[in-house]
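Lettering of chains follows the sequences in order, A, B, ..., and the numbering in each one begins at 1. No experiment lies behind these values; they were computed from the predicted model shown.
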Protein chains: 2
Amino acid sequence: MATIKDLAKMAGVSVTTVSRVLNNHSYVSEEKRKAVFEAVKASNYDKNINAVHLSKGKTQLIGVVLPFADHPYFALLLKGLAKQALENNYKLVFIQTDYRKEREIEALHMLKQKQIDALIICSRTCEAEVIEEHLPFGPIVLCENNKEIEASSTYVNHYNVFFDALEYLYQKGHKRIGYCIARKFGANSRDRERAYRDFLKKYHLPYDSGCIFDQCLHVEDGEKVVNHIMEMDEPPSALLVTSDQVAAGIVTCCQKRHISIPGDLAIIGFNNEPIAKMMNITTIEIPLVDMGENLFLQAVNDDLSNKEVSVQLIERGTV
Amino acid sequence: MATIKDLAKMAGVSVTTVSRVLNNHSYVSEEKRKAVFEAVKASNYDKNINAVHLSKGKTQLIGVVLPFADHPYFALLLKGLAKQALENNYKLVFIQTDYRKEREIEALHMLKQKQIDALIICSRTCEAEVIEEHLPFGPIVLCENNKEIEASSTYVNHYNVFFDALEYLYQKGHKRIGYCIARKFGANSRDRERAYRDFLKKYHLPYDSGCIFDQCLHVEDGEKVVNHIMEMDEPPSALLVTSDQVAAGIVTCCQKRHISIPGDLAIIGFNNEPIAKMMNITTIEIPLVDMGENLFLQAVNDDLSNKEVSVQLIERGTV
DNA sequence: TTAATGTATGAAACCCGTTTCATATCAAGG
DNA sequence: CCTTGATATGAAACGGGTTTCATACATTAA
């Protein structure tokens with residue numbers, strides 16, 4: 001491949017002038033500009049973008065950390081991220097962690113190594129301190145309600161959302177409510193557990209860890225939950241299910257087993273995924289695409305901000 | 001940030017020696033090796049990876065072109081890609097095209113600019129010639145049955161698969177069969193249309209463009225299909241649906257409308273997505289994660305290969 | 001004893017752009 | 001006529017690594 005030096009020789013100008021032409025700087029005569037463009041065409045020249053990156057200290061690359069993409073929650077966040085990346089002339093580096101710390105650290109490392117200009121962590125596994133250590137190397141944006149870390153974030157207030165949803169079910173007469181989450185120890189899960197405990201305390205209801213189902217992510221996990229519930233002495237009469245995928249699985253499975261919804265079991269899903277509409281599942285809509293877009297913008301605008309997004313209960317047929 | 005020069009000064013050695021230590025080359029005395037490591041620790045040094053990229057002419061970055069990730073088909077491909085990327089110490093650059101040519105070209109451009117070492121195109125929109133033009137700049141891997149382009153590929157033989165599926169339905173007594181696809185003009189869709197026409201010819205059945213539904217991607221598109229079918233004078237008795245998402249939408253919608261499946265309408269889905277199992281949908285399993293893995297490996301091993309993967313009909317309750 | 005080989009180290013070239021700085025011309029303003 | 005500012009251009013430094021080449025000493029084989 002030709003280099004900028006070759007172009008300079010071909011066009012009979014200095015490399016500086018070539019660079020100026022290629023970057024649309026002013027103060028270049030029309031004559032030389034033309035000569036450079038002709039050389040570009042003749043040699044099928046293209047920049048070695050790595051030289052640009054090195055020189056500028058920027059890569060127009062933003063890292064995105066998420067456990068996996070084959071779930072609507074992350075796929076929709078990613079969609080929003082990708083949309084803004086495109087509009088702002090950035091590319092995304094996709095870092096799939098499977099919730100493994102070392103992979104998240106690898107992503108942080110890319111920031112330190114200047115391979116990416118900023119890092120967006122859609123779901124965190126590392127300790128807060130590890131994140132903080134890397135803050136000097138570039139913007140890190142989080143998708144959680146975390147005031148402890150000095151970083152921008154876009155998040156759902158899962159404490160409030162959960163509490164409100166529990167209240168809603170309580171008003172509908174439910175006294176024994178359970179919930180399904182993806183993993184026990186995420187930041188969001190902890191907020192939800194706090195809300196759950198506070199709710200139980202408020203109404204003097206007993207806490208039963210058997211009503212909390214974790215590892216619930218995909219449609220097929222709904223079946224596990226239903227199987228489990230059928231074996232319980234005192235099964236919950238209502239379930240908060242933090243993904244409509246799982247909610248859909250539960251509803252489908254209950255149909256097979258002739259468990260009436262909402263009669264025997266009420267369900268509130270999350271995210272308002274398309275399947276929730278199709279299956280008439282009551283759900284809490286989270287504007288995931290918007291959140292993705294906002295996360296991206298926070299990553300490139302380096303002033304700190306924390307944005308709480310609002311969610312909406314969509315009442316359908318499962319409560 | 002400290003540079004390799006600073007380290008050299010601190011450790012009292014040359015930059016060459018520092019580089020050797022950092023890259024684990026032999027022929028460095030234990031004494032100097034130690035001195036360098038101490039300097040690294042003391043200065044919290046890390047490489048500027050862009051300098052490495054420029055120097056080596058490689059970035060350990062592989063571009064992935066796909067229209068969007070919020071669909072199991074692409075999300076699962078991506079999962080396989082990400083798995084192998086991790087194992088082989090590469091990162092993926094995620095390029096969402098929404099099937100827009102200019103974005104695909106941008107991805108090809110990244111290859112020319114050496115920002116990525118190879119490009120994997122999961123779903124192509126550009127003309128073959130555009131791809132071919134970029135072949136000199138690095139490996140391009142395709143996810144389609146294309147012998148015309150001199151590139152590696154991993155693909156499903158959609159002609160055969162479609163033909164076999166149509167035969168299967170024909171043996172079950174269906175004479176009027178339709179199908180749902182995502183977009184009319186992809187490579188896969190053309191193969192399928194050929195199979196469809198050949199099948200009709202073989203059994204002297206009439207071709208009716210009204211039995212072909214495109215823009216079918218998500219669950220909610222299933223509803224559109226059902227609405228359309230209900231208004232047809234001669235509706236198909238069976239449908240090949242190239243995504244279980246849509247198949248699930250159709251099944252759900254038919255339940256609401258009291259259309260019996262498979263009685264009034266038989267359905268064969270594609271991909272064997274989890275929802276197909278939950279909803280007992282007959283489907284053709286495509287090993288998407290494996291395909292993703294293979295695509296990745298083809299991208300980094302630069303010898304050409306074309307791998308046809310085999311699929312499997314999973315008979316369940318919708319035929 | 002000598003030639004060949006292995007070990008150890010550093011100077012300098014190289015990868016390929018961007019940017020600063022110096023220099024020069026020309027037109028407008030005072 | 002002189003100063004100032006806009007226009008135009010190029011040499012060289014810079015970003016920060018990797019790699020080639022040259023050199024030197026210590027072994028080892030012949």
>> Using the side-chain contact (heavy atoms from CB on, under 4.5 Å) definition, which of the options A:Gln113, A:Lys112, A:Gln115 pairs with B:Lys47?
In response: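 Passing option: A:Gln113.
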Check: Measuring from A:Lys83:NZ to A:Asn88:CG, what's the distance to the nearest 0.5 Å?
Finding: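 Spacing of NZ (A:Lys83) from CG (A:Asn88) equals 11.0 Å.
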Point to revise | Nearest-0.5 Å distance, OG of residue A:Ser153 to CD1 of residue A:Ile140 | key: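 These two atoms lie 12.5 Å from each other.
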Do you know which of A:Glu308, A:Gln298, A:Glu144 makes side chain to side chain donor-acceptor pair (under 3.5 Å) with A:Thr154?
->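 Result: among A:Glu308, A:Gln298, A:Glu144, A:Gln298 is the only option passing the side chain to side chain donor-acceptor pair (under 3.5 Å) with A:Thr154.
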Problem - A:Pro72 and A:Leu288, any side-chain heavy atoms less than 4.5 Å apart - result: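 Of all side-chain heavy-atom pairs linking A:Pro72 with A:Leu288, none is under 4.5 Å.
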Next item on the list: Kindly indicate whether the side chain of A:Leu81, heavy atoms from C-beta on, has any atom under 4.5 Å from the side chain of B:Phe94.
Entry: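 A side-chain contact is absent here, since even the closest heavy-atom pair is not under 4.5 Å.
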Check your understanding: Under 4.0 Å between a side-chain N or O of A:Lys114 and OP1 or OP2 of D:dG15?
Key ->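 For D:dG15, neither OP1 nor OP2 has a side-chain N or O of A:Lys114 closer than 4.0 Å.
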Compute the centroid of each ring, for A:His53 and then for B:His53, and state whether the two points are separated by less than 6.0 Å.
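No, the ring of A:His53 stays outside the 6.0 Å limit from the ring of B:His53, centre to centre.
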- Message: When the axes are fitted on five pairs at both termini, how much does the helix from C:dT1-D:dA30 to C:dG30-D:dC1 curve, in 10° steps?
- Response: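 Rounded value for the end-axis angle: 40°.
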Value in whole Å for how far the [atom2] atom of [N] lies from [atom1] of [X]:
X	N	atom1	atom2	answer
A:Ile4	D:dC14	CD1	C1'	14 Å
A:Lys112	D:dG17	NZ	P	12 Å
A:Tyr27	C:dA24	OH	P	19 Å
A:Glu30	D:dA8	CD	C1'	13 Å
A:Glu31	C:dT25	CD	C1'	15 Å

Q) Please walk me through it: do B:Leu108 and B:Glu133 pass side-chain contact (heavy atoms from CB on, under 4.5 Å)? A) CA-CA 9 Å; B:Leu108 290 162; B:Glu133 266 171 38; over 6 Å; no
### Salt bridge A:Arg183-A:Asp214, side-chain N to carboxylate O under 4.0 Å
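Salt bridge between A:Arg183 and A:Asp214, a charged N being under 4.0 Å from a carboxylate O: no.
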- Task: Please lay out, stage by stage, how B:Asp117 and B:Lys58 fare under the test salt bridge (charged side-chain N to carboxylate O under 4.0 Å, His left out).
- Result: CA-CA 6 Å; B:Asp117 295 345; B:Lys58 294 258 132 88; 5.8 Å; no
Base, sugar-phosphate alone, or nothing: which one does B:Lys5 contact when heavy atoms must sit under 4.0 Å apart?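 No contact.
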(request) Could you label the plane-to-plane angle of the A:Tyr99 and A:Phe68 rings as parallel, tilted or perpendicular, counting under 30° as parallel and over 60° as perpendicular? (result)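 It falls in the perpendicular class, over 60°.
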In residues 43-62 of chain B, what residues come within less than 4.0 Å of DNA chain C, judged by heavy atoms?
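Heavy-atom contacts with DNA chain C come from B:Leu54, B:Ser55.
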- [ ] Output the residues of residues 7-26 of chain B in contact with DNA chain D, where contact means a heavy atom of the residue under 4.0 Å from an atom of the strand; sort by number or write none.
- [x]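 Those residues are B:Thr16, B:Ser19, B:Asn23.
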